[in-house]
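Since we're looking at a predicted model, the values are computed, not measured. Atoms considered below: every heavy atom in the structure, side chains included; atoms not considered: hydrogens, waters and symmetry mates. Chain letters run A, B, ... following the sequence lines, proteins first and then strands; every chain starts at 1.
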Amino acid sequence: MKSVLGFAGLIAFALAGAITPADAQQPKRGGTLNFAISAETPHYDCHGSETYATLHFSAPFYSTLVRFNLKKFPEIEGDLAESWTIAPDLMTYTFKLHQNVKFHDGTPLTSNDVKATYDRMRAPAKGVVSPRQATFADIGTIETPDANTVVFKMKAVNASMIEHFASPWNCIYSAKDLAADPNSPRTKINGTGPYVFGEHVKGSHVTGRRNDNYFKKGLPYLDGFRGVFTLQAAAMLNAVQGGQLLGEFRGISPAERDRLVAAMGDKIRIEEESWTLNLLVAFNVEKKPFDDVRVRKALLMSIDRWGGSAGLSKISTLRSVGGLIRPGSPLATPPEELMKLPGYSKNMAASRAEARKLLTEAGVPNLKFVLHNRNLAQPYTPAGIFLVDQWRQIGVTADHKQYDTAPYLATLNSGNYEVAIDFSNLFMDDSTLSLAKYLSFDRSPQNLSRAIDRELDKLYDAHVRERDVGKRKAMIQAFERRVFEQAYQQPILWWHRIVPTHKVLMGWDMSPSHNLGAQLETVWLNQ
Amino acid sequence: MTAITSSAPTAPTSAARPRGVIRDFINQQPLGALSFVVILSMTIAGIFSEWVSPYDPLHIDFAAILQPPSWEHWAGTDAYGRDIFSRIIYGARTALVISLTSSFLGSTIGAILGIASAYFGGWIDDWIQRFMDILLAFPIIVLALVVVAALKTAVLFGIDINLIVAVAIPIIPRVCRVVRAAALTIRVMPYVDAARAAGYSDSRIIFRHMAPNVVAPYLIMFTAFMAQAILLEASLSFLGLGVTEPTPAWGLMLSGNAADFYREAPWMILFPGLAISLAVFAFNLFGDSLRDYLDPRFKV
Amino acid sequence: MLRYTLQRLLMTIPTLIGVAVLVFFMLRVVPGDVVEVKLRGDGGTVSQEVIDSERKRLGLDKPLIYQFGDYMYGLATLNLGTSMWTERPVTEEISLRLELSLQVAIMATIFAVLLAIPLGTTAALMRGTWVDYVVRIVTIGGLSIPSFWFGMLIMMGLLYYWNWLPPITFTPIYVDPIANLTQLIWPAMAVGYRYCAVVARMIRSSLLEVLNEDYIRTARAKGVFEKIVISRHALRNALLPAITVIGIEFAFLIGGLVVTEQVFNLNGIGKLFVQSVSRSDFTLIQGMVMMLAVFYIFVNLVVDLLYAVFDPRIRYG
Amino acid sequence: MLDQQATARTAAPRDAAAAASTATPLLAVEDLHVQFDTSRGVVHAVDGISYTVNRGEVVAIVGESGCGKSVSSLAIMGLLAKPAGKVTKGRVLFEGRDLLKLSADDMRAIRGREIAMIFQEPMTSLNPVLSVGEQIKEPLFIHLKMTEQEAQARALELLQLVGITDGARRLEQFPHQLSGGMRQRVMIAIGLACNPKLIIADEPTTALDVTIQAQILELMKDLSRRLNIALIIITHNLGVVARYADRVNVMYAAHVIENGTADDIFLRPLHPYTIGLMRSVPRLDLPRGIKLETIEGLPPDLRSPPLGCRFAPRCPYRLDACIQADTMLRDIAPGHGTACIRADEIVAGTLVQALPPAKPVATAAAKEAAAEPILKVEGMRKYFTVPLSGSGVFSSKIATVKAVDDVSFTIAPGETLGLVGESGCGKTTVGRTVLKLEEPTDGTITYTGVDITHRNAKQMRELRRGIQVIFQDPYSSLNPRMTVGQIIGEPLRVYKLVKDKKEEEERVAGLLRQVGLFDYMAERYPHQLSGGQRQRVGIARALALEPRFIVCDEPVSALDVSIQGQIINLLEDLQERLNLSYLFIAHDLAVVRHISDRVAVMYLGRIAEVADRDDLYADPKHPYTKALLDAAPIPDPRVERARAPRALKGEIPSPLNPPSGCVFHTRCPIADEHCRREIPQVRQIGPRHIVACHKA
């Protein structure tokens, strides 16, 4: 959808830390922001990471080429790029960089650094981890005509390419550092971001201080920040309530929200939005009886999504009923359409009766299996508890087994499971990102149903190259229907992001993804 | 002092008059008897959970989440609207099954190793004791965590075997030490010498003559480690490494989102914690009383 | 004495080797390692090649026996390796957290011992009275109440009645003693209760035993003041077994902090341990277990030496 | 309850006539009652006893275990175990003051200052963590408010007084560095510290070896005389009483049943119990009788004592009146009281028969001539290794204890070889090695001509039936978890000597009767039996396999005197009937003399002397044998008075570090340089008399 916007004309944004009218007050300078990071990153390398733990840690120290404008999501705005042009055939992307950008070590940033950064992501040197190689596989060459211009020449059309350029994980590194040690970003931070790395006390906190040479004049407002690792939700809540931390930017559960509101009254600000995350349930089609579509379908049909949404939304981060695309986003299937799909009916009595019938037909009326789940309190455990309860109601016994992440992943990789709860973490709504998970197992190893379905692959490939919005939408819906009819895997519920911040904290932007907006350069303290 | 020693013979009360023994125990150890009543009622609650508990412990009722204690829900409801009292009753089953099996396993293996170590002596003793040294160098929960980390969960009859193993292993060396010490004093008892002089086989001496006489320390250790095991299981579950939801288990009820509700639903923390404490307390007190009762040293 | 100490130290080597071997192979029983957890984060796609290359980098692709050899060689050269998660030296990871845990442990010890001696002594002297019963119930309570639950109750109470909570990040005591103590006094109490109970019970029972000894009767027959009989004759003997318990419990306190540190969000050894277990960070787990084992053995040695200092039977044995 | 007037009389003590002349006694115990609340009921441990002690006098309280003698002395000192024990009635007048009415602090001021006490166990009666000096000085500081220097000087003086020479060094030492005898000397020094008027010694020598016992008693007697300190000696040993006491109180079942001067009690006993007691002890000074007199039955249970005379159930002379009402202690002669209603008949000599003169018994020589030895031990050695510091596999520092060093002897069928020696001499190890409970380090053991030295457990099995054992401690030698029937029946089953359950029961019943027990006792557990009964069960178990040879390891030393005689008689009976051979291990010379045909004396792992019984006792050749016989007290004041004071000097050396040459040379009165250098060989000096001494 957004790519279509790009197609409509050459759009250039020149935004440099502009203050929108919403922030009526004049920002104040100074102060240190203490905030919670509910996980601790193992390393500092954005490229090599898939977790917000790294972003919330590293993003304030870095810049990207372009990024999402959180005030007008999903619009794109420039970060290091002062402006950019996209060729009408979507085969060339040209970025003009800001002048006088300096790395924290004092060296000036040039187009070479951008090229080195993208080369590292698309074709990493030996020993460098880059999970986004496939995303940038369509890039043919990267040219640097001058120090402030970078030109990306594509090998093939990717309708969503500009969104991928806006990915928060594309931190721009120094070419010099990478030349010295391609893995230096893992342990050393040298960016162009609003903050300069202070210290990282393992298991405790990370600090950053204002980058006085930041290329966006007047920013950041804060003298610095301290991100405190709070692995226990209770500890985080206590600290927020006690005023030791001013916010948690990933998202908390409704119960936690209620507690903060009850305890703090009007001192706390709560912002909510649906989240670009969902939990899935996947059936391993390689295991009997889950090779039988009736069994899979029966299990999906017996899940009361609408009821579950109402209940779980009170106690967990799960909330929205949705298909493969985040509900509420432009490409999403609307609820009335959704209800026609298996597993989304509101008439649960009928659905469950049907489910029982299907099971009986399949010869497994008293099905028993193990539901493999990850051992995380939010929202894996509630999802597991919920599913076990739902299946109990059609006479199916699911043994809920929760593991630590490593053995959990190992089990999933081994294929030695029947039913598993899986997770889809997106940073935007673009369908090329969100549908990839459902491709045939041989193309998408993260497809936990391990199904091979060439029809799905065909639909996906066509839609990636398709530039017409209407046709594209139809293809997405066909894809979705196919996935649900075959009942390989299905989102249980989409998440709901609730971010608590103290009211003194200003200038922070809410968005549907916790991976975005972690640079903190516009944040200020009203005290 | 001779009058006193002779009036309290060292030999423990015999199995010949069980009724007398029970009455004796109640008279001498009223607290112990009381704790036994607690254990008994817990056991009954565990065995007959289906009949005793007012609700289905797994039943989710989103209409009734986080309800404070009331006549309908004696201990309130949790975040899923499940009845906490029912979950505590079912939790007794989980706690007892895991602690009983692991404590039995640990104490029995420990006792057998201890007796063998004491009886055979020499290199067998040396090797067993070296191995126990190794196990003893781990703090209990660390050893359990390593075992949990090492073994994949393996469910048998709805019980996590590896959790039992994890709880049992730290018990082994501790029981082994105590039983070995007890067995060593028995090993040099003239009646064991008499048995050896009569030419009885090693197994006969170990099982007929030595084992019955380490029953007292064994029983004491067994009950003490029942308490330990309940505590350990609760700790592991609290850390998210033990029993998994939705199985009702006390430690588990304290973890997860229970702590999120300090203010709204303190009963979510209060009652399961009380259940653990009461159970462990009862076993500790009972073990204590049993020791006082069986160990004549402090008898007047 | 020196010779004895050295001999004791030498004797710990086989035990330590045993611990090392046991931990290494136990951890290798399960599939799954730190690599995927690290790379996949909250899900997402990582190709097998990437995973493999990372495994290779960490040396996890080598046959087990080579890994074991490397590990043992590392131990022999006092090198605990690097954490697979953070890729920093294990010793660095541990030493970062050691100060906090050690301080909590020491505070808990002081708290426990200071309380346990009068508690245990009173109970023994007033044996069979209601005082004894109360002490008995309070101390068994200490053994029974899970420290993490006790910690939760403390937090709940602080929040409820004072709407106040201890600081969330650690400040060393030499930087700001007040901030430091207000953070650590609560977990010290939470774990100290159990510790105190164990020591008080030991003192009670060993004092009872000692009070039955003939030499106590001798002291009384000499006309020694009852106070001196207790303090000089009985307690001095009764505290000897208590030293063992204080020592062993101190060594194991670090283990007990595993759960309690979670509750108080303390950046200590216990929390690190749970984290490394849930991340399958084998080298860090091994390193910490080795450290705890060495610590335990060291404390045992100190206890033995203390015994030798306090007990003439050993000093001149 | 008791005749109050009986307490008012004062007997004329032999040695302290001056003190006796004063009107009030130093200590007067009047109608003292003590009871203990136990979980099994109230024990009336002392039930109305009265006695007096005059200044400078030695008074003995004699009785078997559980009769209340120790409890009464603790009650005087206010040291009863609280809260179980309490004085319920009576007065304890010390110089006219009632000690029982004193406040706790006043009583404390008397303890250690006016009255001192010495306890039985020197090993445990001193505080292990305080130095000897600290413990001796403590009462000096408390009672006499001495300065450190004064106390140090006094402590040195005290050590000299109790015969410890290098006092300055000893004061720095800790109790565990001293031997048992030395510790008891320290205890006495502590008792003497503040010049008390009265010392109560509760079994002061029971835990000590006979030669050390003599040293300690000699010392106490001497000090009492020199310092004019009154002494209460509490003991079960009649020999000790005869030797040292001026006056004697005999206690039985919480009562004093007879009192009088030592001569009165030993020469003219007036109570059937006292008489029985005297006759049931084997004596060194009288010819050996065929049988010991015994007192059948057991003392009453003090939780519910019988209504009448407490000795009545066991008394051969009881009347109906004895059972119906208790008899008060009354004076028969001046200063000689008894609680027997038939005392007059006893005085008249019409009730109790005089002992018949002892008949000589068959000598060992006759027996041995009959057959080849059933057991032959040649050059047996048994060394133990003891880790010195540290333990386990990795420790290298090890010391060797030569528990048995080159021991040889033979035992003929039907013969009893007595093996005597003090603790640590290796006699028990000899027994255990013969039983193959220990593997000999060297030497050969031949049983009925078969070499069993290196037989393993399996090969031993067939021979096991012939060799059995009876242990010392009747409490620990029976498995408390098995019934008597199971204990006795087990060997029958294991060796398949019985076909079925019924036959087993019959055999068990037969064995029970054979040892003087009843059939129904098969159902009982050991703790339900008395010590003597248990020992009988132990004997029955040994007999079950129909052995030819039994090792008796101190079978009577844990038993009370009146029970001891029963067991000895039983063993003799059985030997006669079943033609058994015994290796009889004991430390009591009189008992060994009574039961043995031949006697071997051991010292520090070596044989000192072996001879026929009469030969050995009449004409001991080894100085150690002589010393042992000298040291053994004899329950007859006349004999004792006639014996010169004697005590073997010095302590028994540690077996870890035995002396060079003759192991006895450090204590031997006749040792010379030669003895120090060379180990004496065992020499034949008579037809059946061998000795290991250069001088013999």
Query raised in the report: Who are the salt bridge (charged side-chain N to carboxylate O under 4.0 Å, His left out) partners of Asp133(B), not counting sequence neighbours?
Result: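 Scan of Asp133(B) (salt bridge (charged side-chain N to carboxylate O under 4.0 Å, His left out), adjacent residues dropped) gives Arg130(B), Arg177(B).
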Query raised in the report: Partners of Asp288(B) by salt bridge (charged side-chain N to carboxylate O under 4.0 Å, His left out), sequence neighbours excluded?
Result: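 Here the qualifying residues are Arg291(B), Arg136(C), Arg201(C).
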Query - Gap between atom OH of Tyr200(B) and atom CD of Glu490(D) - 0.5 Å precision - result: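 Here the rounded value is 4.0 Å.
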Can you say whether [X] sits under 4.5 Å from chain B via the side chain, the backbone, both, or neither, judging by heavy atoms?
| X | answer |
| --- | --- |
| Arg465(D) | neither |
| Leu478(D) | backbone |
| Arg524(D) | neither |
| Ile467(D) | backbone |

Report task. Provide the full list of side-chain hydrogen bond (donor to acceptor under 3.5 Å, both in side chains) pairs with a residue in residues 36-47 of chain B, sequence neighbours left out, each pair given once. Result ->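 Sorted pair list comes back empty.
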Query raised in the report: Using a heavy-atom distance cut-off of less than 4.5 Å, which residues of residues 205-215 of chain B contact chain D?
Result: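 Arg208(B), His209(B), Pro212(B), Asn213(B), listed by number.
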Query raised in the report: Do you know which of Val469(D), Leu437(D), Leu435(D) has the most heavy-atom pairs under 4.5 Å to chain B?
Result: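 It is Leu437(D).
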Might you point out which heavy atoms bring [X] and [Y] nearest each other, and give the distance in Å?
| X | Y | value |
| --- | --- | --- |
| Pro480(D) | Tyr191(B) | CD-CE2, 3.6 Å |
| Gln468(D) | Ala197(B) | NE2-O, 3.7 Å |
| Ser476(D) | Met189(B) | CB-SD, 3.3 Å |

Report task. Answer yes or no: is there a donor N or O on one side and an acceptor on the other, between the side chain of Tyr495(D) and the main chain of Ala198(B), under 3.5 Å? Result ->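 Indeed, once roles are kept as given, a pair shorter than 3.5 Å links the two residues.
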Query - Greater than 12 external heavy atoms within 6.0 Å of Phe384(D)'s CZ - result: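 It does: Phe384(D) CZ has more than 12 such atoms within range.
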